[in-house]
Amino acid sequence: ATLKIKPDQVDHFETNFLKLAAVVLAEESGCRFYALHRSRSEPNTYKVLEQYDDAEAFAKHGKYPAFKEANIPLKDCIAEPPVIELLDGV
């Protein structure tokens with residue numbers, strides 16, 4: 001996912017996203033990788049790189065109560081809707 005963050009919310013976003021990532025990795029079985037990366041050319045733009053065991057694990061992503069709760073502090077940070085791109089491993 002590509003996320004554009006409000007400039008005045010960057011620190012809040014990073015702190016709380018790292019908490020969210022810990023929840024995802026601990027609570028979502030089938031999640032292999034879940035990491036936040038900041039763009040070097042656009043400081044308010046982030047990429048979330050994720051990898052799951054299979055389509056079923058991906059389909060469950062975000063439906064866990066702990067995930068929903070961990071997302072609450074992030075809701076006011078997002079400047080525009082996320083852009084989602086699905087990729088296949090090679």
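- Residues Val48 and Val23 fall into different hydrophobic clusters, defined by Ile, Leu, Val, Met, Phe, Trp and Tyr side chains chained together at heavy-atom separations under 4.5 Å.
- To the nearest 0.5 Å, the span separating CG on Asp76 from CG on Asn16 amounts to 11.0 Å.
- Closest approach of Ala57 and Ser29 over heavy atoms only: CB-O, 4.0 Å.
- Transitive grouping of hydrophobic side chains (ILVMFWY, heavy atoms separated by less than 4.5 Å) keeps Leu49 and Val24 in distinct clusters.
- Glu27 and Ala66 make their closest contact through CG-CB, 4.0 Å (heavy atoms, listed as atom of the first residue, atom of the second, distance).
- Side chain of His12 to main chain of Pro73: a donor-acceptor pair is present (N/O by atom type, distance under 3.5 Å, no hydrogens or angles).
- Between atom SG of residue Cys77 and atom CG of residue Asp11 there is a gap of 10.0 Å, rounded to the nearest 0.5 Å.
- Here OG1 of Thr2 is found 8.0 Å from CD1 of Ile84. Values are rounded to the nearest 0.5 Å.
- Atom CD of residue Gln9 and atom NZ of residue Lys75 lie 10.5 Å apart, to the nearest 0.5 angstrom.
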### Query
Can you check side-chain contact (heavy atoms from CB on, under 4.5 Å) on Asp53 and Arg32, steps first, answer last?
CA-CA 7 Å; Asp53 287 341; Arg32 297 180 184 182; 2.7 Å; yes
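- The 12-atom threshold is exceeded at CD of Glu14, counting heavy atoms of other residues, nucleotides or ligands nearer than 6.0 Å.
- A ring-centre distance under 6.0 Å is not found for Tyr46 and Phe17.
- Minimum heavy-atom separation, His61 to Glu50: NE2-OE1, 3.4 Å.
- Distance OG1/Thr45 to CG/Leu3: 9.0 Å, rounded to 0.5 Å.
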### Task
Give the C-alpha distance, both sets of side-chain angles, the deciding distance and a yes or no for side-chain contact (heavy atoms from CB on, under 4.5 Å) between Glu28 and Tyr34.
CA-CA 10 Å; Glu28 294 190 16; Tyr34 195 83; over 6 Å; no
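- Interatomic distance, Glu42 CD to Lys47 NZ, rounded to the nearest 0.5 Å: 8.5 Å.
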